[in-house]
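Note that these values count all heavy atoms, side chains included, but never hydrogens, waters or copies made by symmetry.
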Amino acid sequence: MCNCMPHNAGKATYTEDVEKGSMTMHANSPQASLGRADVLPQSYAQAVRPSNIGNPGTLGLFAFASTTLILSLYNLQTRGITTPNVVIGMAAFCGGLAQLLAGMWEFPRGNVFGGTAFTLYGAFWMSWATILLPFTGVIAAYDDPNEYKSALGIYLITWAIITFLLFVTALKKNIAFIVLFGFLTITFILLAAGDFAHSVSAAKAGGGMGVVTACVAFYIGLSELLASEDMAIVRLPLGIIPKKVD
């Protein structure tokens, strides 16, 4: 019986996780299987959470970006479109379900920020689809259009607050995420202002910011996808902010 060990036995190997700005230990390394803090430097022992789950960041970001882009173009009244109901399917299954799954896969990887953000915005898109679906009776419940607009404005400004809190958290991640959540906060504020003030101009401005936000999300998602591929020809920088070493 052969008592052989792989050539890389006893060595921990790491791969870059762009979204988390950290290094992740391969799950098949001895340190990962043992889960012992004494075999790793203290910084790794505190930060690394071994997992066989691949990085779901691109899935969540592409789902968010595509759904945001469609709705934002509708808010801009592109090609005369004023009724956004075609986005319902995207909101329910792409922006909603796909992001929710991405968020659930982020938590086992130890990425609380990614898990929280993807899960929240997945829930946002599902709730938006619920508002637009006729059989839910949400819109029909409002006899006064002004009341409906005010209620929608409160809904959107609440999401602006949530996004701003994520923006504050992103300040220590990388420049790309700072831009993403900064632009998204402004988008929600403009859309809320459009509903509160019954301003088509504000709603269109929110649509314009939404298009820019979607493009940033596409960029980050592509960056993470390329970073996960060993044979990728190019790498897209995200502006990693160096972490202070105590």
Query raised in the report: Once the angle between the rings of F124 and W159 is folded into 0 to 90°, is it parallel (under 30°), tilted (30 to 60°) or perpendicular (over 60°)?
Result: perpendicular
Query - Residue pair F218 / S66, side-chain heavy-atom distance below 4.5 Å - result: yes
Report task. Hey, could you give me the CG/CG distance between L132 and L71, rounded to the nearest 0.5 Å? Result -> 8.0 Å
**Report entry** Distance, nearest 0.5 Å, that separates CD1 of I131 from CE of M126
**Finding:** 14.0 Å
Query - T67 and V87, any side-chain heavy atoms less than 4.5 Å apart - result: yes
Query raised in the report: Going by distance alone, is a donor N or O of one side chain under 3.5 Å from an acceptor N or O of the other, for Y121 and T68?
Result: no
Report task. Flag the pair F177 / I220 as yes when at least one side-chain heavy-atom distance between them is below 4.5 Å, and no otherwise. Result -> yes
Query - Residues L97, W125; criterion side-chain contact (heavy atoms from CB on, under 4.5 Å); working and verdict - result: CA-CA 9 Å; L97 180 60; W125 284 115; over 6 Å; no
Query raised in the report: Side-chain contact, heavy-atom cut-off 4.5 Å: I241 with K173?
Result: no
Requested in this report: Flag yes if L69 and I88 sit in one hydrophobic cluster, no otherwise; membership is Ile, Leu, Val, Met, Phe, Trp, Tyr, and two members link when side-chain heavy atoms are under 4.5 Å apart.
Outcome: yes
Report summary line: Partner of N174 under side chain to side chain contact (heavy atoms under 4.5 Å, CB included), picked from I240, V179, L180, is I240
Query raised in the report: Under the ring pair (Phe, Tyr, Trp, His ring centres under 6.0 Å) test, which residues partner Y148, sequence neighbours left out?
Result: Y142
**Report entry** Heavy-atom closest contact (A98 atom, A63 atom, distance)
**Finding:** CB-CB, 3.9 Å
**Report entry** F113/F118 under ring pair (Phe, Tyr, Trp, His ring centres under 6.0 Å): CA gap, chis, key distance, verdict
**Finding:** CA-CA 9 Å; F113 179 85; F118 286 141; 8.9 Å; no
Report task. Might you point out which heavy atoms bring G182 and F167 nearest each other, and give the distance in Å? Result -> N-CD1, 3.5 Å
**Report entry** R109 side chain to I53 backbone, donor-acceptor under 3.5 Å
**Finding:** yes
Query raised in the report: Do I161 and I178 sit in the same hydrophobic cluster, where Ile, Leu, Val, Met, Phe, Trp and Tyr count as joined when their side-chain heavy atoms come under 4.5 Å apart?
Result: no
Query raised in the report: With no hydrogens and no angle check, is any side-chain donor or acceptor of T169 less than 3.5 Å from a backbone partner on L165?
Result: yes
**Report entry** Heavy-atom pair of closest approach, residues M209 and L190
**Finding:** CG-CD1, 3.7 Å
Report task. Find out if a path of hydrophobic residues (ILVMFWY) with successive side-chain heavy-atom gaps under 4.5 Å connects I162 to L152. Result -> yes
Query - Option passing side chain to side chain contact (heavy atoms under 4.5 Å, CB included) with E106 (candidates N55, V112, T116) - result: N55
Requested in this report: Please examine the side chains of F164 and F181, heavy atoms only from C-beta on, and report whether any two atoms are closer than 4.5 Å.
Outcome: no
Query raised in the report: Are M90 and V86 co-members of a hydrophobic cluster defined by side-chain heavy atoms under 4.5 Å apart?
Result: yes
Query raised in the report: At their closest point, which heavy atom of M104 faces which heavy atom of T119, and how far apart are they?
Result: CE-OG1, 3.3 Å
Query raised in the report: Under 3.5 Å, side chain of T163 to main-chain N/O of L184, donor-acceptor pair present?
Result: no
Query - F93 atom CZ, over 12 foreign heavy atoms within 6.0 Å - result: no
Query raised in the report: Got Q77 and V200 here, is their nearest side-chain heavy-atom distance under 4.5 Å?
Result: yes
Requested in this report: Verify the distance criterion only: is there a donor paired with an acceptor across the side chains of Y74 and T83 at less than 3.5 Å?
Outcome: no
Query - Spacing of C94 atom SG and F62 atom CZ [to the nearest 0.5 Å] - result: 11.0 Å
Query - Approximate separation, where rounding is to 0.5 Å, of T185 OG1 and L166 CG - result: 8.0 Å
Report summary line: When every non-hydrogen atom of L191 is compared with those of N75, the smallest separation belongs to CD2-ND2, 3.7 Å
**Report entry** Close side-chain approach of W128 and Y155, heavy atoms under 4.5 Å
**Finding:** yes
Query - Nearest non-hydrogen partners of F196 and G153, listed with the distance - result: CZ-C, 3.3 Å
**Report entry** From S150 atom OG to H198 atom NE2, the distance as rounded to the nearest 0.5 Å
**Finding:** 5.5 Å
Query raised in the report: Given T58 and L222, is the side-chain contact (heavy atoms from CB on, under 4.5 Å) satisfied, shown in steps?
Result: CA-CA 7 Å; T58 296; L222 180 58; over 6 Å; no
**Report entry** Co-membership, hydrophobic cluster, residues I175 and V216, 4.5 Å side-chain
**Finding:** yes
